[in-house]
Amino acid sequence: MLAEIGIVFQALALAASIYASIAAFLSARRRSERLLVSARSAALLTFPLLLGAAAMLLMALINQQYQISYVWQVTDPSTPLFYRITALWGSQQGSLLFWTVLMSAFAFASLLLNWRENHRLMPYVIVFQMAALAFFAGISLLIESPFARYWVTQPAPSLPPVVEAHLFIPTGAEAPPMVVQPSGDGFFTQGLAQTANGLNPLLRHFGMIIHPPMLYLGFVGFLVPFAYAMAALASGDLTTNWIKATRRWTLIAWLFLSLGLILGGRWAYDVLGWGGYWGWDPVENAAFIPWLVGTAFLHSVLIQEKRGMLKTWNMFLVIFTFSAVLFGTFATRSGLIESVHSFAQSAIGLPMFLFWLIMTVIGVWLIMWRRGRGELRDEHGFAGWLSRETLFVLNNVVFVALALAIFWGSFGAPIVSETFMDTEITLGAAYYSQVTVPLFAAMYILMGVAPLAAWGAMTMRRMGRALVVPLALTAVGVVVAALLGARSAGTLFAYGIVLLAGIVALYEIYRGARARMLTSRESLPVALLTIFGRNRRRYGGFIVHLGIVIIGIGVIGSTAYQLETIRQLGRSAEAQIGAYSVRYDSLELGQIAEDGRLMDIANVTVLRAGQPVAQIRPRVDHYPGMSVTIPGAHSTIEGDVYVLLSGYNEADGSTATLHIYVNPLINFVWWGGLILIVGTLISAWKDERAPERVRSAATNGRVGAAA
Amino acid sequence: MAQAVWEKPADAAKAPAVSRERLKFLIGGILIVGAIVYLIVSGMQAGARFFITVDEVVNSAQYAGQMVRVSGAVLGDTIRYDEATLTIEFTVVHIPEGQDVTGEALHNAVNDSNATQMQVRVEGQTKPDLLRHEAQAIMTGTYDADGVFHVSELNLKCPSRFIEGAPGEMIEAGS
């Protein structure tokens with residue numbers, strides 16, 4: 001029953017989104033307000049409908065409806081409730097349904113919040129949002145249905161019965177038994193509940209529970225700026241209206257995408273057991289590319305707002321951000337790319353590829369058309385090399401170059417070589433470090449210099465003067481880094497440019513606050529609050545820069561100074577690594593966890609200068625047919641001692657093989673991520689004054705009406 | 001008409017200055033694009049690997065001694081792991097090209113007695129959790145004169161249990 005209701009909800013949502021898209025298009029052509037309102041109602045309806053469908057799947061997961069093949073694939077009777085709920089997005093079909101729910105939620109919210117202010121854009125906003133939603137809802141309903149159920153059919157009396165998943169009941173089919181049945185007919189010795197798969201053990205981690213929803217929110221969130229940009233192009237309202245309307249939406253999408261990437265890294269570090277957090281895997285890259293293009297867009301859009309420049313470029317960026325989302329989704333969900341965590345092979349490859357192609361071609365065509373009509377002409381030219389706009393363009397070049405290089409490495413080179421050379425060429429980690437390190441260095445340098453540049457033009461001398469204080473402070477920082485143990489010129493240079501970017505961010509915040517203190521005699525905390533309140537985007541942006549700087553410090557430390565050793569140790573034996581030694585104490589074999597899995601746990605002591613500083617328990621979890629090595633880590637501000645139990649005497653635990661890493665400064669990566677999130681929230685927060693005005697206007701209106 | 005009048009002289013007056021600026025930006029742009037292309041090309045020289053099959057690495061001399069990436073199906077019985085020296089040895093079987101690497105494809109590969117086999121040796125690494133019968137091994141390394149593929153990077157994929165699987169197989173298996 002749950003499945004039928006879910007399918008009906010999905011079908012209605014698909015119909016509503018198709019209707020909304022067509023009606024909105026007609027309303028734009030005929031300038032019919034009535035049709036537009038009707039389209040909007042249908043568009044708003046998709047969210048509750050899809051939410052209803054997801055609720056049905058959730059209930060099926062909780063109530064263990066194993067006849068639904070998705071439920072059978074991702075849970076089993078021993079799965080705890082928490083993982084039953086999160087299994088909603090644990091595999092392809094469920095996560096696609098979940099994706100459509102999030103997409104319709106964004107459409108819902110943006111239609112409600114931006115309806116009045118951006119009325120002129122609305123028809124085409126609905127067209128593009130609902131076309132995208134219709135596509136994903138259609139795939140989720142017809143190709144990758146989460147509601148397909150298992151049915152037993154008898155092809156011929158002499159043949160054994162066949163169990164297959166179908167969306168609709170095949171003729172003469174029966175439901176398979178749920179529980180163990182007497183094997184009277186010789187076939188059904190086990191029921192569905194006993195054979196169910198259960199959730200992949202690697203996915204049982206808090207990072208993996210929140211990581212996909214965050215990533216999806218980031219992905220689908222970019223639908224809003226994309227749809228508004230397309231609407232601006234299609235409707236001819238090419239003022240900055242679409243940018244103003246989507247500024248905060250873009251930041252919110254970017255926030256979730258950043259959070260998704262950070263959590264993904266944390267999951268890899270905690271679960272995958274290779275001592276790292278980023279492996280340049282195609283699936284990771286597929287999420288990183290839209291982040292890069294979106295980051296370029298967030299910066300260059302400022303130039304259009306302030307100077308009326310880069311109009312065409314911004315259109316390209318916003319369209320390619322969403323295009324990258326679609327391509328990444330296609331590449332990882334269709335089985336196109338070999339990756340450790342791509343979804344299984346799927347029939348959705350061709351439709352997704354076509355949809356990506358069509359959306360991108362329409363976008364590019366609209367841009368070229370408007371450009372051809374002279375409607376995207378810039379209002380200013382570039383004044384000089386050191387102007388802020390030129391430096392912002394350089395920043396864009398760096399981000400786009402990173403995106404292109406990573407795209408080429410993960411998708412371009414393998415596909416091109418496979419197609420034209422008959423041999424696949426893949427690009428390993430060496431490619432990425434060679435290409436991205438100089439580009440990231442350029443990014444940090446620009447992050448340090450650009451905020452100091454003025455709009456319009458700036459002389460070298462003025463730039464030099466503005467840089468004196470930050471450079472002096474950076475020099476101090478580099479000396480400190482050298483005293484703390486950074487020795488190689490490369491690392492010191494890397495720390496130098498990263499620190500410069502951070503110091504400039506702090507310096508700009510300080511200068512803003514000091515100016516405020518001088519003009520209005522406020523104390524420092526009040527002045528800080530005022531400047532952050534008045535110009536959230538600017539100062540929130542500096543906090544984001546600080547976050548990126550702190551991530552940079554962590555990345556440099558944990559890559560340049562990582563130590564690694566593998567040692568087989570007897571009881572009470574120690575392995576020396578850097579300033580630490582690690583002692584193997586004992587092994588607890590066959591411990592039983594709450595969910596029934598067996599764990600072999602090593603007790604390990606981390607020592608520093610002969611003194612014990614921590615007890616850690618690296619372990620191996622045994623699931624039916626699969627084992628997972630979970631590291632134990634001793635975390636401090638200096639870094640982690642990260643230990644994997646990679647082998648042991650299974651009889652008595654007399655020896656254990658420990659794979660030990662020292663990852664200096666790695667926690668800066670996570671802390672920097674937190675700061676980045678806080679900064680983005682500050683930037684995206686609604687300005688204080690706007691709601692007051694709205695509120696007072698509303699009150700006045702009501703008073704007026706009453707009078 | 002009015003528009004043409006105020007736009008044209010403005011353009012004409014700016015023309016020489018604009019074109020000199022333009023030239024500067026053009027040269028700058030070419031330098032930047034050149035630098036990025038150089039980065040990508042040099043990166044490819046450092047990181048490019050042929051991604052080939054077991055058949056190709058064993059039977060064509062052109063790959064001998066060259067760093068390549070190979071995909072093969074693991075034969076469970078052959079896995080040997082020496083904990084003291086951290087050496088893993090196993091045999092992989094050729095997976096036919098032109099089809100998706102599913103659990104079924106891996107199962108067929110390891111049961112095909114005519115398929116090319118290759119001995120693999122991994123040193124200085126601990127045994128990965130996923131290294132077992134019918135796993136797909138994606139290995140980067142060199143095929144040396146000793147007839148053994150020496151692996152520097154080992155990745156494993158197990159498509160069988162948690163991704164595919166249908167109750168049909170299991171129900172019938174129980175009969």
Side-chain angles (χ1 to χ4, degrees), chain A residues 69 72-73 91 150 160 162-165 176 183 186-190 192 195-200 335 338 340 343-345 381-382 385 394 397 401 404-405 408-409 413-414 423-432 434-435 438-439 566 568 620 625-629 644 646-647 655 657 659, chain B residues 14 18 21-22 24-25 28-29 32-33 35-36 39-40 42-52 56 67 69 71 81 83-86 100-102 124-130 132 136 138 140 153 155-175:
Chain A
S69 69
W72 187 91
Q73 300 276 351
S91 190
Y150 288 123
V162 179
V163 182
E164 274 178 340
S183 55
F187 290 109
F188 299 118
T189 52
Q190 286 189 298
L192 287 170
T195 58
N197 257 346
L199 190 65
N200 188 333
E338 287 279 333
V340 276
F343 289 90
Q345 312 288 333
F382 285 94
W385 270 114
L394 280 178
V397 169
L404 287 175
W408 175 250
T423 328
E424 192 176 329
I425 289 179
T426 60
L427 297 174
Y431 167 80
Y432 292 103
Q434 191 124 345
V435 179
L439 288 170
I566 309 176
Q568 188 182 31
V620 179
M626 186 169 186
S627 304
V628 180
T629 309
L644 292 157
S646 45
T655 62
T657 305
H659 195 158
Chain B
K14 272 190 198 166
V18 166
E21 271 299 305
R22 272 211 165 169
K24 264 207 274 181
F25 277 96
I32 291 170
V33 170
I36 292 165
L39 274 181
I40 291 181
S42 66
M44 284 184 70
Q45 281 164 351
R49 312 264 178 267
F50 285 109
F51 191 18
I52 52 179
E56 285 168 313
M67 187 69 90
R69 209 161 164 237
S71 153
Y81 175 47
E83 225 181 276
T85 59
L86 297 168
D100 298 335
V101 183
T102 56
Q125 269 193 41
T126 47
K127 188 170 155 264
D129 298 326
L130 293 175
R132 54 167 195 257
Q136 183 194 3
I138 299 168
T140 307
E153 191 192 327
N155 285 302
L156 291 149
K157 273 183 85 174
C158 284
S160 53
R161 181 169 161 84
F162 289 102
I163 302 176
E164 292 161 15
E169 300 159 19
M170 301 201 187
I171 290 174
E172 281 173 63
S175 67

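In what follows, chains carry the letters A, B, and so on, assigned in the order in which the sequence lines appear, proteins first and then strands, with residues in each chain numbered from 1.
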Non-neighbouring partners of S69(A) that pass side chain to side chain donor-acceptor pair (under 3.5 Å), sequence neighbours left out: none
Taking every non-hydrogen atom, the tightest pair across V435(A) and I40(B): CG2-CA, 4.0 Å
Residues F51(B), I425(A); criterion side-chain contact (heavy atoms from CB on, under 4.5 Å); working and verdict: CA-CA 5 Å; F51(B) 191 18; I425(A) 289 179; over 6 Å; no
Chi angles and distances behind the side-chain contact (heavy atoms from CB on, under 4.5 Å) call for I32(B), L394(A): CA-CA 9 Å; I32(B) 291 170; L394(A) 280 178; 3.3 Å; yes
Rounded distance (nearest 0.5 Å) linking atom CD1 of I566(A) with atom OG1 of T85(B): 11.0 Å
Heavy-atom contact with chain A under 4.5 Å, split by part of I36(B): side chain
Heavy-atom pairs under 4.5 Å with chain A, option from G47(B), P128(B), A48(B) with the top count: G47(B)
Between NZ on residue K127(B) and OG1 on residue T629(A), distance to nearest 0.5 Å: 9.5 Å
Reported CD-to-OH distance for the pair Q45(B) and Y431(A), which is rounded to 0.5 angstrom: 12.0 Å
Minimum-distance pair of heavy atoms, taken over all atoms of L39(B) and Q434(A): CD2-O, 3.7 Å
Shortest non-hydrogen separation from A46(B) to A430(A) and the atoms involved: O-CB, 3.8 Å
Partners passing ring-ring contact (aromatic ring centres under 6.0 Å, His included) against Y81(B) (at least two apart in sequence or in another chain): none
Structural part of E153(B) lying under 4.5 Å from a heavy atom of chain A: neither
R49(B) versus T426(A), side-chain donor and acceptor atoms under 3.5 Å: no
